[in-house]
Number of protein chains: 2
Amino acid sequence: MDKTALQILEQHSIRPSVQRIEVVSYLYHNRIHPTADEIFNALNGTIPTLSKTTIYNILKLLEDGGVVKHINIDEKNVRYELIIGEHAHFRCDNCSRIFDIPAPTSKHNLPEGFTIRESDTYYQGICPECSKKPIV
Amino acid sequence: MDKTALQILEQHSIRPSVQRIEVVSYLYHNRIHPTADEIFNALNGTIPTLSKTTIYNILKLLEDGGVVKHINIDEKNVRYELIIGEHAHFRCDNCSRIFDIPAPTSKHNLPEGFTIRESDTYYQGICPECSKKPIV
DNA sequence: AATAAATTTGTAATGAATACAATATTATAA
DNA sequence: TTATAATATTGTATTCATTACAAATTTATT
Ligand SMILES: [Mn+2]
Ligand SMILES: [Mn+2]
Ligand SMILES: [Zn+2]
Ligand SMILES: [Zn+2]
């Protein structure tokens with residue numbers, strides 16, 4: 001049982017359960033911005049009775065509770081991560097992995113009247129590993 | 001028939017057709033970042049035989065040809081726009097409209113080895129109109 | 001222990017996007 | 001022009017991520 005995951009849930013007043021702890025623990029230890037399906041497949045081994053609906057339920061609960069954030073960089077699936085300090089995302093055109101990148105230092109040129117709640121920066125290009133390999 | 005739309009297609013060496021001209025024309029005159037479905041519904045009146053598959057086919061063709069760009073700010077549907085000068089996007093939490101916003105002046109803090117092909121900035125918050133109205 | 005509340009689970013439904021084959025249109029050759 | 005090939009559109013079926021919903025299970029309260 002993951003003490004850190006339990007603490008994260010308690011800090012956000014979300015009642016812990018085996019499934020919730022496992023989801024948070026997975027996100028804490030796997031900073032790969034997984035899809036709901038990837039989380040399900042990763043946890044289905046340790047929780048054989050797990051349902052995919054539970055994953056969706058928990059992700060919604062965690063998002064409403066301010067524990068996770070979803071990422072729309074991929075048009076196929078929604079991806080998730082634990083909310084940590086501000087940062088941007090880089091998706092590699094070649095290997096499709098999503099990297100955490102330091103946030104740009106930006107001066108936003110917002111017209112009069114717009115109020116920002118959230119600002120997301122998405123990069124696409126080639127990651128360091130794929131730059132070295134010749135693209136097949 | 002829209003002369004401008006025809007020119008845009010010709011400039012990108014895409015053979016014109018009634019359907020292609022109408023799609024480009026719609027995007028040119030309606031800067032609302034529509035979904036494939038919205039485009040279909042808008043054009044189905046003037047082209048009664050239109051198929052939704054055609055809209056998807058054309059949007060893919062236009063994107064490959066460098067005429068349009070898709071936007072992932074909305075997790076439900078992919079949205080489209082004509083490629084114009086660089087700018088950011090603002091999605092209103094209240095009315096869900098997507099606004100063009102001047103691009104931020106950013107200094108990107110990319111680690112060694114990453115090569116950017118594209119960079120997108122998405123804002124979320126409240127638009128000027130919705131700021132005035134009381135939220136029901 | 002009994003009851004109520006919360007959580008998980010399985011199944012069915014939704015809906016955007018894609019696959020694919022048939023039809024229609026346009027271009028090229030004869 | 002007519003025949004033939006290439007291209008484009010259309011309709012239908014399929015895929016698959018996500019949601020809806022009700023039954024079953026687990027946990028909390030009396
Ligand atoms: Mn991240
Ligand atoms: Mn735009
Ligand atoms: Zn890569
Ligand atoms: Zn608004």
Side-chain angles (χ1 to χ4, degrees), chain A residues 1 5-6 9-10 12-26 33-65 67-80 96 98, chain B residues 1 5-6 8-10 12-26 33-65 67-81 96 98:
Chain A
M1 210 276 297
L6 180 62
L9 289 171
E10 283 170 349
H12 292 82
S13 311
I14 296 173
R15 305 171 59 170
S17 72
V18 175
Q19 293 84 345
R20 290 173 184 176
I21 289 168
E22 285 300 317
V23 169
V24 173
S25 178
Y26 181 79
H33 312 90
T35 63
D37 196 61
E38 283 169 348
I39 298 170
F40 173 77
N41 288 322
L43 302 186
N44 201 20
T46 51
I47 311 173
T49 60
L50 188 63
S51 167
K52 204 173 282 184
T53 300
T54 301
I55 301 296
Y56 282 105
N57 288 344
I58 290 176
L59 286 171
K60 184 177 188 329
L61 184 82
L62 293 176
E63 186 151 29
D64 291 348
V67 179
V68 312
K69 175 176 167 23
H70 72 259
I71 296 165
N72 285 335
I73 202 170
D74 176 358
E75 56 247 43
K76 286 284 163 208
N77 312 311
V78 180
R79 296 181 167 276
Y80 296 89
S96 299
I98 294 166
Chain B
M1 209 274 299
L6 180 63
I8 291 172
L9 290 172
E10 282 170 350
H12 291 82
S13 313
I14 296 173
R15 304 172 59 174
S17 72
V18 175
Q19 292 84 348
R20 289 172 186 177
I21 289 169
E22 287 300 318
V23 169
V24 172
S25 178
Y26 181 79
H33 312 92
T35 63
D37 198 60
E38 283 168 349
I39 298 171
F40 172 78
N41 287 322
L43 302 186
N44 201 18
T46 51
I47 311 175
T49 61
L50 188 63
S51 167
K52 205 174 280 183
T53 301
T54 300
I55 300 296
Y56 282 107
N57 288 344
I58 291 176
L59 287 170
K60 183 177 188 329
L61 183 82
L62 293 175
E63 185 150 29
D64 292 347
V67 179
V68 313
K69 176 176 166 23
H70 71 259
I71 295 167
N72 284 336
I73 202 170
D74 176 359
E75 56 247 42
K76 287 282 164 211
N77 312 311
V78 180
R79 297 181 167 276
Y80 295 89
E81 69 176 350
S96 299
I98 294 166

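Convention: sequence-line order gives letters A, B, ...; per-chain numbering from 1. What's counted below: heavy atoms across the whole structure, side chains too, no hydrogens, waters or symmetry copies.
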Checklist entry - Does dA17(C) have OP1 or OP2 sitting under 4.0 Å from an N or O in the side chain of Tyr56(B)? => result yes

Has Arg20(B) got a side-chain atom pairing as donor or acceptor with Arg15(B)'s backbone, closer than 3.5 angstrom?
yes

Ranking Lys76(B) and Arg15(B) by the position along DNA chain D of their nearest nucleotide, the one closer to 5' is Arg15(B)

Rounded to whole Å, CD1 of Ile21(B) lies from C1' of dA8(D) at a distance of 13 Å

To the nearest angstrom, the CG-C1' distance between Asp37(B) and dT18(C) comes to 15 Å

Quiz item: Would you find a donor on one side and an acceptor on the other, under 3.5 Å apart, between the side chain of Glu38(A) and the backbone of Thr35(A)?
Solution: yes

Between NZ of Lys60(A) and P of dA6(C) the distance, given in whole Å, is 16 Å

Review item, nucleotides 9-11 of chain D N/O atoms under 3.5 Å of protein N/O:
from    : atom 1 : to       : atom 2 : distance (Å)
dT9(D)  : OP1    : Ser17(B) : OG     : 2.5
dT9(D)  : OP1    : Gln19(B) : OE1    : 3.2
dT9(D)  : O3'    : Gln19(B) : NE2    : 3.1
dT10(D) : OP1    : Gln19(B) : NE2    : 3.3
dT10(D) : OP1    : Thr49(B) : O      : 3.2
dT10(D) : OP1    : Thr49(B) : OG1    : 3.0
dT10(D) : OP2    : Ser51(B) : N      : 3.4
dT10(D) : OP2    : Thr54(B) : OG1    : 2.8
dT10(D) : O5'    : Thr49(B) : O      : 3.2
dG11(D) : N7     : Ser51(B) : OG     : 3.4
dG11(D) : O6     : Thr53(B) : OG1    : 3.2

From CZ of Phe40(A) across to C1' of dT9(C) the rounded distance in Å is 11 Å

Closest non-hydrogen atoms of Ile39(A) and Pro34(A), given as atom of the first, atom of the second and distance, are CG1-CG, 3.7 Å

note: Asn77(A), atom CG; dA16(C), atom P; distance rounded to Å ~ 16 Å

side-chain hydrogen bond (donor to acceptor under 3.5 Å, both in side chains) with Lys52(A): of Asn41(A), Asp37(A), Asn44(A), only one passes, and it is Asp37(A)

Taken to the nearest whole Å, CD/Glu22(A) to P/dT7(C) is 17 Å

His70(B) meets the side chain to side chain donor-acceptor pair (under 3.5 Å) criterion, sequence neighbours left out, with Glu75(A), Glu63(B)

Here the pair of heavy atoms bringing Leu50(A) nearest to Phe40(A) is O-CE1, 3.4 Å

Here the distance between atom C1' of dA16(C) and atom CD of Glu38(B), to the nearest Å, is 13 Å

From CG of Leu59(A) across to P of dT18(D) the rounded distance in Å is 10 Å

